[in-house]
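What you are looking at is a predicted structure, and each value in this text was computed from that prediction instead of being measured. Naming convention: chains lettered A, B, ... in sequence-line order (proteins, then strands); numbering from 1 in each chain.
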Amino acid sequence: MSFLDIRHYKYLTSSIDRNLDFSAFMDFEHHYQVSENKHEYSIERSYFSYKESLVENTVDSSIQSIMDMESKLIPIFAQMERTGVYVDEKKLRDIGEDIARESKNKELEIYDLVGERFNINSAKQVQVILFEKLGIPVSKKIKTGYTVDNEALSLIGQKYEIANIILQYRTLEKLRSTYIDGLLRVINPHTKRIHTTYNQLGASTGRLSSESPNLQNIPSGSGYPARIKSCFCPESSEFSFLVADYSQVELRILASLSGDTSLIETFVRGEDIHTRTARFLFGEDATITSELRRIAKSVNFGVIYGITGFGLSKVINTSPAEATKYIDTFYAMYPGVRAYYQSILDGANKNGYVETFYGRRRYIPGVRDSNKMIRAGAEREAINMPIQGTAADIIKLAMLRISNFLKEGTYKSRMLLQVHDELVFEVHESEKDMMEKQIRSIMEGVFPGPLKLLVDIHTGANWSEAKG
DNA sequence: GCGATCACGT
DNA sequence: ACGTGATCGCA
């Protein structure tokens, strides 16, 4: 079964990637019968047969293989949406009650400290309370006054306990509103499962996005986040959850694409990449504390995003000059990366687009803009896309092969979710060990080259336990 | 209905 | 960098 959706062609070739303009393709409009009821999951509702496609032969050959892959993925995503993921509704409700109770206590504590009631969910009202009523010194200005975001409140919290309580309240309310109430609302009453919608055209890099609900931003970590994730589980005790995730994909891709010997060596030796960068930044003999490793980790991620010293300074809470020094040191220690980035920018200037290892393109009109800010932003997009996009290509290819594998064997195990570098399955006990071997082998085998991709696999009774 | 603000993930 | 979503407060 294979499909071609005209929007994919537009997605892969247009420089206006977010504003899909159908006007050039009006002839094809009658092929669309978009259903209002997404739970019908009728594949035909928005796709038309590949063979009927009139654009089949007009697809630019350079993106043909990506177009092919995306077409073959359509029924796979549709299948995953239709399958959905079971959620323990009662357990989720109970956690919600715990959170609500704790949130209510924080709320009263805040009123008590301030001496008046107000809407803590209103950033505007929090501004008034903190900066006008309590006279706390302000930091960064925004359109409506002074920001009271996480960064600002953390800083204020060093002197004024009220800010810490507000932060705790916010965290609890976020969990309650988005991840308890939000998820309870979308449990399908017939299937008792949550059926997300994957948007194959959602991200300009080639990544998927997930909506109604977004299952790609379920909180991770200990405490309430772990309890919430533990509600995602198999419907029957004959099954386990299996989570397979690519280890450090983007940095490994950067190593492969850039050919930087130092970066490659680090991975080949099996060293911890963040600790390695930390020694580069703070000296070979320095004791790498968790704090120094945390900074190095942010630098490593920052480089993938093409981040500026200014941007990094906010993430690691230091001066822009200091942050710029870290970035410069990174490039000095991994010189192949700098050269690789330059070649990407040269390509973007010459061609107007950048591309992934597999030939997926993103058009970057901003690199030729006369405005310096726009140009700088465009250069960050240009640098990030081949890395993030190659990672997206890799997991999509793996999903295709895994899907084919699952189909051939008439197994009971099913692929449920994709979270950018992670795949979640429910596997039957009788197939568990074999699935682990096969899934790892397929995922690690997708990307060629001397630097192997590594996949971590964990199994457990639910999504939290299987996270390892 | 919609922009602004905030916060969650990779 | 790339996303989605909840809430507020105004239109």
Glu151(A) side chain vs Lys314(A) backbone, donor-acceptor pair below 3.5 Å: no

Between C1' of dC2(C) and CD of Gln200(A), the distance in whole Å: 17 Å

Leu175(A) CG - dA6(C) C1' separation (whole Å): 13 Å

Integer-rounded Å distance: dC8(C) P and Ile120(A) CD1: 11 Å

Any residue of residues 176-183 of chain A with a heavy atom less than 4.0 Å from an atom of DNA chain C: Ser177(A), Thr178(A)

Between C1' of dA6(C) and OH of Tyr169(A), the distance in whole Å: 12 Å

Cation-pi geometry met for Lys141(A) and Tyr146(A) (6.0 Å, 45°): yes

Nearest heavy-atom neighbours spanning Val367(A) and Ala348(A): CG2-O, 3.8 Å

Close side-chain approach of Pro213(A) and Ile194(A), heavy atoms under 4.5 Å: yes

Side-chain touch Tyr224(A)/Leu172(A), heavy atoms, less than 4.5 angstrom: yes

Cationic tip of Arg276(A) above Phe280(A) ring, under 6.0 Å, 45° of axis: yes

Derivation of the side chain to side chain donor-acceptor pair (under 3.5 Å) call for Glu173(A) and Ser103(A): CA-CA 7 Å; Glu173(A) 278 304 291; Ser103(A) 173; 2.7 Å; yes

DNA chain C contacts made by residues 292-312 of chain A, counting heavy atoms under 4.0 Å: Tyr305(A)

For DNA chain C, the dot-bracket pattern of Watson-Crick and G-U pairs whose distances stay under 3.5 Å, | for other-strand partners: ||||||||||.

Residues from residues 125-150 of chain A lying under 4.0 Å of DNA chain B - heavy atoms: Ile142(A), Lys143(A), Thr144(A), Thr147(A), Val148(A), Asp149(A), Asn150(A)

Atom pair distance, as rounded to whole Å: CZ in Arg185(A) and P in dG5(C): 11 Å

Boundaries of the DNA chain B segment in contact with chain A, non-hydrogen, under 4.0 Å: dA4(B) to dT10(B)

Touch class at under 4.0 angstrom, heavy-atom based, for Arg380(A) against every strand present: sugar-phosphate

Backbone of Gly206(A) reached by a side-chain donor or acceptor of Lys396(A) within 3.5 Å: yes

From dG3(C), dC8(C), dG5(C), nucleotide with atom closest to Ser122(A) side chain: dC8(C)

Steps toward ring-ring contact (aromatic ring centres under 6.0 Å, His included) verdict (Phe357(A), Phe447(A)): CA-CA 10 Å; Phe357(A) 178 79; Phe447(A) 190 62; 5.0 Å; yes

Parallel, tilted or perpendicular, as decided by the 30° and 60° cut-offs, for the rings of Tyr198(A) and Phe77(A): tilted

Check: Val455(A) main-chain N/O paired with Glu444(A) side-chain donor or acceptor under 3.5 Å: yes

Sugar-phosphate only, base, or nothing, as touched by Glu381(A) at under 4.0 Å among non-hydrogen atoms: sugar-phosphate

Nucleic acid contacts of residues 384-398 of chain A, taken as heavy-atom distances under 4.0 Å to DNA chain C: Asn384(A), Gln388(A)

Proximity to DNA chain C (any heavy atom under 4.0 Å), residues of residues 88-103 of chain A only: none

Donor-acceptor pair, side chain of Asp260(A) and main chain of Gly336(A), under 3.5 angstrom: yes

Which atom of Val315(A) lies closest to which atom of Arg294(A), heavy atoms considered: O-NH1, 4.5 Å

Selection: residues 451-463 of chain A, any non-hydrogen atom under 4.0 Å of DNA chain C: none

Backbone of Leu215(A) reached by a side-chain donor or acceptor of Ser210(A) within 3.5 Å: yes

Residue pair Gln216(A) / Leu208(A): nearest heavy atoms and the distance that separates them: OE1-O, 3.6 Å

Distance under 6.0 Å and angle within 45° of ring axis: Arg361(A) vs Tyr353(A): yes

Strand-adjacent residues in residues 214-228 of chain A, judged by heavy atoms under 4.0 Å from DNA chain B: Gln216(A), Asn217(A), Ile218(A), Pro219(A), Ser220(A)

Partners passing side-chain contact (heavy atoms from CB on, under 4.5 Å) against Asn199(A) (at least two apart in sequence or in another chain): Leu201(A), Ser209(A)

Any Leu254(A) side-chain heavy atom under 4.5 Å of Tyr340(A) side chain: yes

Qualifying residues under side-chain hydrogen bond (donor to acceptor under 3.5 Å, both in side chains), relative to Asn121(A), sequence neighbours excluded: none

Side chain Ser230(A), main chain Arg227(A), donor-acceptor under 3.5 Å: yes

Atom NZ of Lys91(A) with >12 non-hydrogen neighbours under 6.0 angstrom: yes

Any donor-acceptor N/O pair, Asn351(A) side chain to Gly347(A) backbone, under 3.5 Å: yes

Smallest separation among heavy atoms of Leu257(A) and Pro386(A), with atom names: CD1-O, 4.1 Å

Sub-4.5 Å side-chain heavy-atom contact between Asn462(A) and Phe232(A): no

Show the atom names and distances, to 0.1 Å, of all donor-acceptor pairs under 3.5 Å that link a side chain in residues 317-328 of chain A to residues at least two apart or in another chain.
residue   : atom : partner   : partner atom : Å
Ser319(A) : OG   : Glu322(A) : N            : 3.1
Glu322(A) : OE2  : Tyr326(A) : OH           : 3.1
Thr324(A) : OG1  : Pro320(A) : O            : 2.6

Distance in Å, Lys229(A) NZ paired with Trp463(A) CH2, rounded so as to fall on 0.5 Å steps: 5.0 Å

